[in-house]
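Below: the structure, in structure tokens.
Protein chains get the first letters and strands the later ones, always in sequence-line order, with residue 1 at the start of each. Just so it is clear, the values below take in all heavy atoms, side chains as well, and ignore hydrogens, waters and symmetry mates.
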Amino acid sequence: MSVVNARATVTQASSLYADAWRRFARHRLALAGLIVLLILGGSAVAAPLLSRFAPNALDLGNMGSAPSRVHWFGTDDLGRDEFSRSLHAGRVSLSIGILSASAAALIGTTVGAFAGYYGGIVESALMRLVDVVLSVPPLPLVIVLSAITKPTPLILILIIAGIGWMGTARLVRSSLLTIREGEYVEAARAMGCSSLRIIIRHALPNCLAPVIVAGTLAVGNAIITESVLSYLGVGVQPPTATWGNMLKNAQSTMTTRPWLAIFPGLFIMLSLLSVNALGDGLRDALDVRLKT
Amino acid sequence: MSGSHARGRWFSLLLAVAVTAMLVTMGVPGVVGAPRDDEVVVAFDKEPDTLNPYSTNTLSAKELNVVEGFHVTNDNMQHVPRIVQRVPSLTNAGLTMTAGKMTVTWRLKPDLKWSDGKPVTSADAEFTYKTMTDPTFRVDSRAGWPVIESVRAPDPLTVVVAFKEHYAAYRDLFRYLLPKHVLEGKDLNTFSEYNRSPVTTAPFVVQQWVPGQFIVLVANPHYRGAAQGLPRFKKMTWRFVPDANTRMNMLKAGEVQIAWAVPFDQIKALQAISRLKVVVHPLNAWMHFDFNLRKPMFQDVRMRQAVAYAIDKEAIVSQVLGGLGKPAGPPMTPLSWAYNPNAYSQYKFDLAKARQLVAEAGWRPGPDGILQRDGRPFTFDNCHNIGDATQERVQQVIQAMLRQIGMNMEIRNFSPTVYGGIRFRGECDTLFHRWIVPATPVLSIFYAADATPPNGLNQVFYINAEITEIIKEAEGTVDQPKAKALFWRAQEILARDLPTIPIYYLVGAQATTARLSGLVGNPTNDGDGWNSEVWKLGP
């Protein structure tokens, strides 16, 4: 009996993520967010299959037509199919969001881990760097950066990641401050593990939960930043559609052809809401102190 | 207990809002009070920096009609007299030419008075010349003034100006007359009394200027048309509303009677409202596709010709612009006397011809449809400034049209300041650009060999000694028929060499209540307010 019990305890302890999933699945809003996000992502990936029209194909004889059976979301000011453009825009907007948030998380984790683990002068230098980057107003910086470079999606990902990693760095550093004093870290050090190995194998897995949560929420921020940049005209260049530049093009015809603004706006809103719900759910799921 | 407290707070908050709203509306003219037909409120797009027209490049003083000079160019781009009796020319003996020099004689209208009641005399013209050649006066442009040798005032109404050389743009000088009795001995750079409320011969004078909010103009009591009831409006309020949507909404709501600078995209929507009127008028301006002749892509004229044949200007104007504009020929608008209607007429939309030229130049479509030669794709960039949705739309249509003949055009748009630097450094392969020009025809600043940036606006880096000579001679020829022949020849050469392909001639638009009449617009930078003395409300 006691053997069985002990085994049960072991099983439970080793299945942190199974446990987390159980808690996540109970968070209905988060689950809904995940599903919406999967649908958005899936339709973006499958855009060429789902839409009958090429996203950049002009049809000057059919400009600004209202939603119909042929053009589900209507056509824009150059006769391009709004449905096709919305889906294809999702490819750009979502991948910029996800990739730049991942890149930001990677940079932030690296900087934070080194600062937290080594302490001393390394920490001071890295954290002052964080302060400096944080003190630069992000939007003007991004506008200048994308004005002097050619704003391709890759450049935008780097730019958005470049202004979004500091929060994660602070988060990871503070976790590392606690973790590095842990007995298992001491044990690893006593066994002769290198610092790098300790950081990667022992420290980081223990502070991954907040990074995942912050990273998820950062996806939403990145999508918004991309939209803002494209809206201002310094984002992805036409004719490539993104939700942001579709909104920008719709601005002048907001009263006469509202659907041109509504659909991309709806896509941005849906993806943001679901990303935030997802982040919320993940936070609850991954927080061991909330264990039930 | 806490509930009633909360209610009390809400009530006082509401009260505060209501009182503030009342105070705000009371402070803004044109909102409260019955409408009167001799008053009008304009939603204007920008606040002037100064009303001294020589020290600024904004047109505000001109648009407000609070300054004037010898002539103005009207809605047909003709020079018409303002405070002078006639426009001097070779035919009316106001202009005499000798070898290498010329003399122009202006006669002021008799009995003119400044708005403070003092007489206007030829001494004011002398003073204006002295001021404009005074290096300590910071002016927007001194163009033309150094060509003057002397200004004399033989009698109070006669102004005799001797020029060092033949100068065809003489009518663009003395666009504004400065009052000597007010300004003599003053530092015009800082003399805010004049700069904020000019003493003038124009129809209106400034009564009040509240920075950030509005300028109130009233009729100049000494205006020469006062006996005929001019200006018709006794009071004009120009409110500063930078946001275009707000301006149009104010007009729709009846808060203002005129909404300045209608965005192109809103013209159609406003035209559909019956109690409004949209004045659409041609501008002396055009959008054009410029080749950077320093770059390798378009060295072969056949590739430039292919572009000219592949762009369907008619379709752009009729479909993308909804007919608001005109397919362009040469880089000069039909409003100009120097316009050559035959130049560029050879380039009718013809895809077969375009493909043939491309093939002759040695480019063949690759597997993806994009032209290739020696394994290199025909890819080039096209730069433009961010901000005008319509122009960006046309740019994308051009992109699609050129893709049909296998040219891969990549759009690179920049904020206006960045764009300015980039095009002057010649960093783009091609440009999509707008030129606005004065009434007096000008080509040298765009296409003369010595006008490449920073010396001029030859952003196509077109170096051709023949055309440089012709356009300089044309611009220096006062005799119009002779000048016209030279300008025609220059436009033919431009059509042959194709450094630039004009796409469409632009229009400008103002929106007013349907009850307003007299506003006809102006194609040049004399501004749409140039004749505001005859605007009126009602029948």
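From A:Leu60, atom CG reaches atom CG of B:Asp312 across 8.5 Å, with rounding to the nearest 0.5 Å. Taking CG from A:Leu78 and CZ from B:Arg393, the interatomic distance works out to 6.5 Å, rounded to the nearest 0.5 Å.
The contact between B:Val397 and chain A is made by backbone and side chain atoms together, counting heavy-atom distances below 4.5 Å. Contacts of A:Arg80 with chain B are made by side-chain atoms alone, with heavy-atom separations under 4.5 Å and no backbone atom involved. Using a 4.5 Å cut-off between heavy atoms, B:Gln395 makes no contact with chain A at all. Both the backbone and the side chain of B:Gln319 come within contact range of chain A, each with at least one heavy atom under 4.5 Å from a heavy atom of that chain. For a residue to count as touching a neighbouring chain, one of its non-hydrogen atoms must lie under 4.5 Å from one of that chain's; by this rule A:Leu58 touches chain B with the side chain only.
Contact record, A:Lys248 with B:Ile386: NZ-CG2, 4.4 Å, taken as the closest heavy-atom pair. Taking every heavy atom of both residues into account, B:Asn413 and A:Gln237 meet most closely at N-OE1, 2.6 Å.
Other residues, nucleotides and ligands place more than 12 heavy atoms under 6.0 Å from the NZ atom of B:Lys277. Shown here is B:Lys295, whose NZ atom has more than 12 heavy atoms of other residues, nucleotides or ligands within 6.0 Å. Other residues, nucleotides and ligands contribute only 12 or fewer heavy atoms inside 6.0 Å of the CZ atom of B:Arg434.
Contacts between residues 36-52 of chain A and chain B, defined by a heavy-atom separation under 4.5 Å, are made by no residue at all.
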